[in-house]
Amino acid sequence: MRTSPELRRKLISVAAVSAVLLAAAPASVAVAQEAAPRPAAVPAAQTEAAPGIQAERLIVGYKSGATEAKSNKAAAADAESKAEKTGEDIDFQRRLGTGAALVELGTHPTRASVADVVAQYKADPQVAYVVPDRLNKPTAVTPNDTEYSKQWDLFESTAGMNVPGAWDTTTGSGVTVAVIDTGYVTHSDLAANIVGGYDFISDTAVSVDGDGRDSNPADPGDWYNDNECGQGIAASTSSWHGTHVAGTIAAATNNGKGVAGIAYGAKISPVRVLGKCGGYDSDIIDAITWASGGTVSGVPANTNVAKVINMSLGGGGACSSATQSAINGAVNRGTSVVVAAGNENQNVSNASPANCNNVIAVAATNRAGSRASYSNYGSLVDIAAPGGETRTSTANGILSTLNSGTKTPSSENYTYYQGTSMATPHVAGLAALMKSANSALTPAQIESAIKANARALPGTCSGGCGAGLADAAKTVQAVKGGTSTGTTFSSTTAVAIPDNGAAIESPISVTGRSGNAPSALQVGVDITHTYRGDLVIDLVAPDGSTYRLKSAASDSADNVNTTYTVNASSEVANGTWKLRVQDTAAQDTGTLNGWKLTF
């Protein structure tokens with residue numbers, strides 16, 4: 001058996017071989033501590049408003065003897081009279097079933113103007129009441145899964161990912177997530193969301209299942225003995241790693257048992273690449289290609305193409321050209337690739353594939369919202385998510401689906417793990433929610449929106465944890481419904497991009513907007529170029545602030561035709577915005593054909 005450690009990908013860890021795994025206890029829930037508190041449901045909207053509330057419509061109830069209580073014409077005349085007295089726009093709209101009148105105020109009324117109108121109605125002896133026509137929202141649903149109260153990573157206000165608020169909009173239906181990992185061991189809390197996958201392990205010494213590649217991604221166990229995976233590496237029991245990751249993404253939810261999945265309406269395609277001692281780059285590359293709908297020789301076409309890939313795996317060194325090519329292919333086919341930053345407490349620049357381009361690299365945070373002590377860090381980290389830290393309490397880890405078998409499969413259970421491998425499926429689940437809410441989103445838009453709508457880490461992160469802590473509810477809200485419903489400003493003036501020369505700028509004048517730009521400003525870019533990796537693209541706000549849309553990279557593909565999402569909420573909307581483009585290397589040229597801003 002070939003066991004040289006330098007040839008194999010190791011599971012990202014907190015142990016000596018860098019696996020994210022902690023030994024699974026045989027109990028049905030390993031070392032369960034005091035449960036995290038169940039979040040309170042959002043209360044239904046009140047029927048009365050506090051003084052000075054912002055409102056655009058009012059409900060006016062007239063006393064039974066008043067003419068306005070029965071006559072629409074009289075109610076409309078009363079609204080006109082109130083408008084003359086206050087100087088505000090007030091229009092009668094319709095009669096409610098209770099007999100009350102609905103009146104609409106002018107566009108964007110101020111709190112003071114609303115208060116004036118309310119005061120006029122209240123002073124009228126024929127008026128019984130006047131209240132704002134308030135906007136109600138769905139109340140947050142608390143899943144009935146028995147272990148949900150222990151999933152602090154989903155709902156706790158301090159460092160949870162605010163997942164329940166996203167479920168009001170989407171649960172991930174219509175999206176398949178490929179979990180490229182150790183495969184899948186049967187679990188009743190996952191079974192309903194598992195679709196066909198593949199076993200890509202070609203080396204039988206690694207696969208342990210007695211054969212090479214086949215259509216069965218079942219996880220037979222990845223245990224090993226002392227020194228079997230390299231001199232000085234201690235023995236390990238089977239991790240059932242892929243099953244734990246899959247449960248975080250899409251465990252069956254509201255089924256009265258176990259845990260809740262972040263995108264529980266999505267499907268999981270288990271793609272097996274990791275076995276005894278890890279897995280080879282060559283198998284992982286084929287898995288990325290196949291999962292995203294590409295063709296792999298000798299492997300049947302994928303009938304469950306994934307729009308999100310989760311890779312909670314990695315090793316040391318630079319991103320290889322071979323791996324980068326596979327990732328680029330997946331992204332070009334429209335699949336987001338989410339990768340664990342690694343657990344070596346070092347700069348992620350030394351961890352592959354997290355240091356590859358076109359991936360969403362995920363660092364891990366603990367229950368207090370600080371970078372977990374093991375998590376990698378650095379400028380290549382894109383986002384942070386809960387990964388847990390169990391030094392003080394096992395219950396501060398991430399609870400998910402597992403198996404109690406120490407070598408081969410036994411009974412199903414739930415266990416706490418910690419690691420960037422646990423943080424990564426949080427972001428993969430969020431990407432699935434986003435794609436379900438807006439199927440037109442590109443991988444670049446998904447990454448940009450996750451970053452733009454992150455919140456500041458509640459704790460600290462020495463070394464850099466990307467844009468902050470991912471926020472599911474805010475991000476889904478920002479992208480739902482597409483980008484075509486807003487107001488668009490565009491430039492169709494073509495501008496040549498000089499080869500390895502000075503930056504060019506194209507302006508767009510934005511007028512007629514009020515306040516600041518949105519937190520999800522859409523920037524559509526159409527560039528023809530023969531080597532887009534040379535290009536650096538920035539959005540320049542009216543005050544001169546710049547927002548990096550694209551950095552130079554080793555990307556030999558042609559053209560940039562995509563939409564970026566920018567958190568421009570600190571910028572005044574009106575003014576001259578510019579797109580700045582620079583070619584940073586020799587031999588290739590291009591043209592900015594046009595660009596647009598959608599508010």
Side-chain angles (χ1 to χ4, degrees), residues 318-321 324-325 327-334 349 355-360 379-380 382 442-449 451-452 467 483 488-511 517 520-568 570-599:
C319 176
S320 72
S321 298
Q324 186 65 68
S325 178
I327 291 169
N328 289 348
V331 171
N332 289 339
R333 285 186 286 271
S349 60
N355 56 13
C356 295
N357 295 321
N358 280 336
V359 303
I360 303 174
S379 61
L380 294 182
D382 294 299
T442 66
Q445 289 173 317
I446 287 174
E447 178 179 348
S448 181
K451 294 178 181 179
T483 61
T488 298
F489 300 83
S490 61
S491 171
T492 57
T493 302
V495 183
I497 304 170
D499 184 31
N500 196 22
I504 59 98
E505 291 184 343
S506 174
I508 288 177
S509 179
V510 175
T511 60
L521 177 64
Q522 305 296 304
V523 186
V525 178
D526 179 7
I527 294 175
T528 300
H529 198 275
T530 51
Y531 193 98
R532 67 186 181 199
D534 292 352
L535 298 178
V536 174
I537 306 174
D538 292 300
L539 176 68
V540 184
D543 68 355
S545 300
T546 59
Y547 296 83
R548 179 59 50 89
L549 305 180
K550 179 187 178 300
S551 299
S554 299
D555 184 354
S556 61
D558 296 341
N559 309 329
V560 177
N561 195 338
T562 190
T563 300
Y564 300 96
T565 303
V566 175
N567 183 355
S570 63
E571 306 292 342
V572 175
N574 288 334
T576 300
W577 296 75
K578 299 175 183 177
L579 191 74
R580 180 182 295 160
V581 184
Q582 183 176 16
D583 186 312
T584 61
Q587 299 183 348
D588 292 272
T589 60
T591 303
L592 171 60
N593 302 308
W595 69 291
K596 61 185 179 180
L597 293 170
T598 302
F599 288 82

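Here Arg580 contributes atom CZ and Leu549 contributes atom CG; the two are 11.0 Å apart, rounded to the nearest 0.5 Å. Here CD of Gln445 is found 4.5 Å from OG1 of Thr563. Values are rounded to the nearest 0.5 Å. Atom CD1 of residue Ile537 and atom CZ of residue Arg532 lie 10.0 Å apart, to the nearest 0.5 angstrom. Here OG of Ser556 is found 7.5 Å from CG of Asn328. Values are rounded to the nearest 0.5 Å. One finds the CG atom of Asp499 at 5.0 Å from the CG atom of Asp583 (value rounded to the nearest 0.5 Å). Rounding to the nearest 0.5 angstrom, the gap separating the NZ atom in Lys578 from the CD1 atom in Ile508 is 12.5 Å.
Contact of the Ile497 side chain with the Val495 side chain is not registered, since no non-hydrogen atoms from C-beta on lie closer than 4.5 Å. Two residues are said to be in side-chain contact when any heavy atoms from C-beta on lie closer than 4.5 Å; Asp526 and Lys596 fail this criterion. Residues Pro507 and Trp577 are not in side-chain contact: their nearest non-hydrogen atoms beyond the backbone lie 4.5 Å or more apart. Annotation: side chain of Pro498 is in contact with side chain of Ile504 (closest heavy-atom distance under 4.5 Å). For the pair Ile327/Val359, a side-chain contact is recorded, criterion being any heavy-atom separation below 4.5 Å from C-beta on.
The backbone N or O of Leu597 sits nowhere less than 3.5 Å from a side-chain atom of Gln522 that would complete a donor-acceptor pair. Of the possible donor and acceptor atoms, one in the side chain of Asp543 sits under 3.5 Å from a partner among the backbone N and O of Ser545. A donor-acceptor contact shorter than 3.5 Å links the side chain of Asn559 to the backbone of His529. Remark: side-chain polar atoms of Glu571 are not paired, donor with acceptor, to backbone N or O of Pro542 under 3.5 angstrom.
What you find for Leu521 and Ala568 is that their closest heavy atoms are CD2-CB, 3.9 Å. Between Leu535 and Lys550, the shortest heavy-atom contact is O-NZ, 2.9 Å. Between Phe489 and Ser509, the closest heavy-atom pair is CD2-O, 3.8 Å. Ala553 and Tyr531 make their closest contact through O-CE2, 4.3 Å (heavy atoms, listed as atom of the first residue, atom of the second, distance). Here the closest heavy-atom approach between residue Trp595 and residue Leu539 is recorded as CZ3-CD1, 3.7 Å. Residues Thr530 and Asp588 share a closest heavy-atom pair of OG1-OD1, 2.7 Å.
Of the residues Thr591, Asp558, Leu592, the one that meets the side-chain contact (heavy atoms from CB on, under 4.5 Å) test with Ile527 is Leu592.
Under the ring-ring contact (aromatic ring centres under 6.0 Å, His included) criterion, Tyr547 pairs with no residue at all, not counting sequence neighbours. For the salt bridge (charged side-chain N to carboxylate O under 4.0 Å, His left out) test, residues two or more places apart in sequence or in another chain that qualify with Asp382 are Lys451.
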